[in-house]
Chemist: 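Mind having a look at this structure? Questions to follow.
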2 protein chains.
Amino acid sequence: MGRRSDHSREELRALILEEGHRQLSQVGFARFSAREVAKRIGYSIGTIYNVFGSYDALLLALNGRTLDLWLAFLEGRLAGCEEGRLDAAIEAYFDFALGHRHAWTALYDFRLPEGALPSEDYRGKVAAITAVIVREIAAVLPPDVCEEALPLARSLLASVHGHCFFALNGTFAMLGEGDPLAAAKARVADALARFGAR
Amino acid sequence: MGRRSDHSREELRALILEEGHRQLSQVGFARFSAREVAKRIGYSIGTIYNVFGSYDALLLALNGRTLDLWLAFLEGRLAGCEEGRLDAAIEAYFDFALGHRHAWTALYDFRLPEGALPSEDYRGKVAAITAVIVREIAAVLPPDVCEEALPLARSLLASVHGHCFFALNGTFAMLGEGDPLAAAKARVADALARFGAR
DNA sequence: TAAAAAATTAGACATTGTTCAATTGATCTG
DNA sequence: CAGATCAATTGAACAATGTCTAATTTTTTA
């Protein structure tokens with residue numbers, strides 16, 4: 001078959017991303033197959049290469065979509081939340097990861113070849129999620145140490161990530177930890193207490 | 001070719017593990033190939049399946065080897081270290097991961113099929129590393145809260161892991177964090193301060 | 001209407017994990 | 001020592017993957 005006009009380039013891109021994300025969410029990164037995605041949307045594998053250029057680019061786009069969903073989820077939880085916003089953010093971190101296990105895990109399972117940087121676009125999405133945490137931390141920090149909000153946010157993000165990661169990959173279960181979320185909150189509280197946060 | 005007596009079962013197992021670990025360390029989990037390992041030791045792929053039974057079992061054994069090395073590295077650093085032992089342990093955590101990037105990363109990239117548990121042996125190795133941290137935390141904790149050492153150790157392990165993970169996967173670089181190790185140490189100190197550790 | 005451009009496909013390629021019948025060497029038995 | 005038994009090793013076969021490219025077909029342009 002040759003050129004056909006079932007879908008515009010943009011529609012095709014959206015189609016692949018949608019089916020790809022469904023697939024990734026169902027089977028996980030290890031079993032994900034670009035060929036299978038092509039089959040499901042009724043196009044051939046070559047078309048995916050036309051649109052995305054490579055397997056890596058496709059996966060980066062899929063992970064980008066996950067980051068979009070994650071950010072929206074986070075902001076949704078925070079909207080209309082008066083107090084305990086930081087705890088709510090940590091809960092949202094966990095809940096998203098638990099609710100989108102495979103997609104969230106793929107964010108970290110997939111790695112670009114050594115030395116390759118993700119696109120500016122992708123980095124922006126990661127920065128956007130970080131910015132939410134920076135904002136929330138700045139809000140509870142005393143004014144005189146508020147320039148510490150960014151480094152602290154990066155560090156607390158890493159701490160929460162570690163807890164969430166261990167919760168999902170079974171390490172915590174192996175070690176008998178029953179409430180990873182509570183532990184993560186406690187560590188964040190520990191740090192904030194030291195900075196005299198309210 | 002049929003049966004040959006170049007190596008005993010145990011020697012063969014050691015041979016595969018050694019070459020496999022070399023391979024894993026060089027090319028990383030994503031590009032690791034059991035076939036390639038077989039080729040390099042001069043046996044056929046079937047032999048690896050005879051000895052390990054499956055690809056998953058082989059990888060679990062390789063990761064087990066990494067855990068052994070890691071534990072030895074940790075204890076080696078701690079031996080003869082009088083003060084600042086916890087900081088030394090965190091440094092060792094980072095240094096091992098940085099010095100064995102691919103092998104360390106494979107510990108988390110590789111996952112058993114859903115629901116499958118690692119062997120008792122493997123779980124023991126993870127527990128052994130945890131036990132070191134429990135011991136070191138218990139040593140600095142006031143006696144009246146020393147039953148908190150285990151949960152605290154699990155949680156701090158997760159925090160340090162998150163920092164180390166972000167340092168290696170590029171997240172910290174993306175966010176402008178220049179000293180992940182210092183950040184990890186600071187978070188651990190925050191938590192210990194709250195428990196009145198010395 | 002004819003020529004140029006673009007999109008889509010199908011197939012070839014090298015690799016992978018996995019399985020298994022056949023083979024070959026070692027070991028036991030009489 | 002010869003023959004039977006046993007166990008380890010192989011290599012080929014399979015299905016699947018990412019990747020690339022020549023051919024085909026449709027759309028657009030001249």
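All figures in this text were calculated on a predicted structure; none of them were measured in a lab. Letters A, B, ... are given to chains in the order of the sequence lines, protein chains preceding strands, and every chain is numbered from 1.
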Chemist: Looking at residues at least two apart in the chain, or sitting in another chain, which of them share a salt bridge (charged side-chain N to carboxylate O under 4.0 Å, His left out) with D68(A)?
Modeler: K125(A)
Chemist: Taking the hydrophobic residues Ile, Leu, Val, Met, Phe, Trp and Tyr, and joining any pair whose side-chain heavy atoms are under 4.5 Å apart, which ones share a cluster with L150(A)?
Modeler: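 Besides L150(A), the hydrophobic cluster comprises V134(A), listed by chain and residue number.
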Chemist: Which parts of residues 11-25 of chain A get close to DNA chain C, meaning a heavy atom less than 4.0 angstrom away?
Modeler: L12(A)
Chemist: By ring pair (Phe, Tyr, Trp, His ring centres under 6.0 Å), which residues pair with Y43(A), not counting sequence neighbours?
Modeler: H7(A)
Chemist: Name the nucleic acid region contacted by Y43(A), choosing base, sugar-phosphate or nothing; use a 4.0 angstrom heavy-atom cut-off, strictly under.
Modeler: sugar-phosphate
Chemist: Write down the protein N/O and nucleotide N/O pairs, taken from nucleotides 13-16 of chain C, whose separation is under 3.5 Å; answer none if there are no such pairs.
Modeler:
{"from": "dT16(C)", "atom 1": "OP1", "to": "S33(B)", "atom 2": "OG", "distance (Å)": "3.2"}

Chemist: For H100(B), enumerate each residue passing the ring pair (Phe, Tyr, Trp, His ring centres under 6.0 Å) test, keeping only those at least two apart in sequence or located in another chain.
Modeler: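 Checked H100(B) against ring pair (Phe, Tyr, Trp, His ring centres under 6.0 Å); matches are F96(B).
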Chemist: Checking E148(A) now: which residues fulfil salt bridge (charged side-chain N to carboxylate O under 4.0 Å, His left out) with it, not counting sequence neighbours?
Modeler: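 If we apply the salt bridge (charged side-chain N to carboxylate O under 4.0 Å, His left out) test to E148(A), skipping adjacent residues, there are no hits.
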Chemist: Scan for ring pair (Phe, Tyr, Trp, His ring centres under 6.0 Å) pairs involving residues 138-164 of chain B, sequence neighbours excluded, and state none if there are none.
Modeler: F165(A)-H161(B), F166(A)-H161(B), W104(B)-H161(B), Y108(B)-H161(B), H161(B)-F165(B), H163(B)-F172(B)
Chemist: If we count only N and O atoms by modelled type, under 3.5 Å, do the side chains of T171(B) and N169(B) hold a donor and an acceptor together?
Modeler: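 N169(B) and T171(B) do have a side-chain donor-acceptor pair below 3.5 Å.
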Chemist: Which residues within residues 102-115 of chain A lie with some heavy atom under 4.0 Å of an atom in DNA chain C?
Modeler: none
Chemist: Show every side-chain hydrogen bond (donor to acceptor under 3.5 Å, both in side chains) that has at least one partner inside residues 127-138 of chain B, sequence neighbours left out.
Modeler: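 Pairs touching residues 127-138 of chain B that pass the test: E75(B)-R135(B), R85(B)-E136(B).
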Chemist: Name every donor-acceptor pair, under 3.5 Å, that has one atom in a side chain of residues 12-23 of chain B and the other anywhere in the protein, sequence neighbours excluded.
Modeler:
{"from": "E19(B)", "atom 1": "OE1", "to": "R22(B)", "atom 2": "NH1", "distance (Å)": "2.5"}
{"from": "H21(B)", "atom 1": "NE2", "to": "T66(B)", "atom 2": "OG1", "distance (Å)": "2.8"}

Chemist: Can you list everything that forms a salt bridge (charged side-chain N to carboxylate O under 4.0 Å, His left out) with R77(A)? Sequence neighbours excluded, please.
Modeler: D95(A)
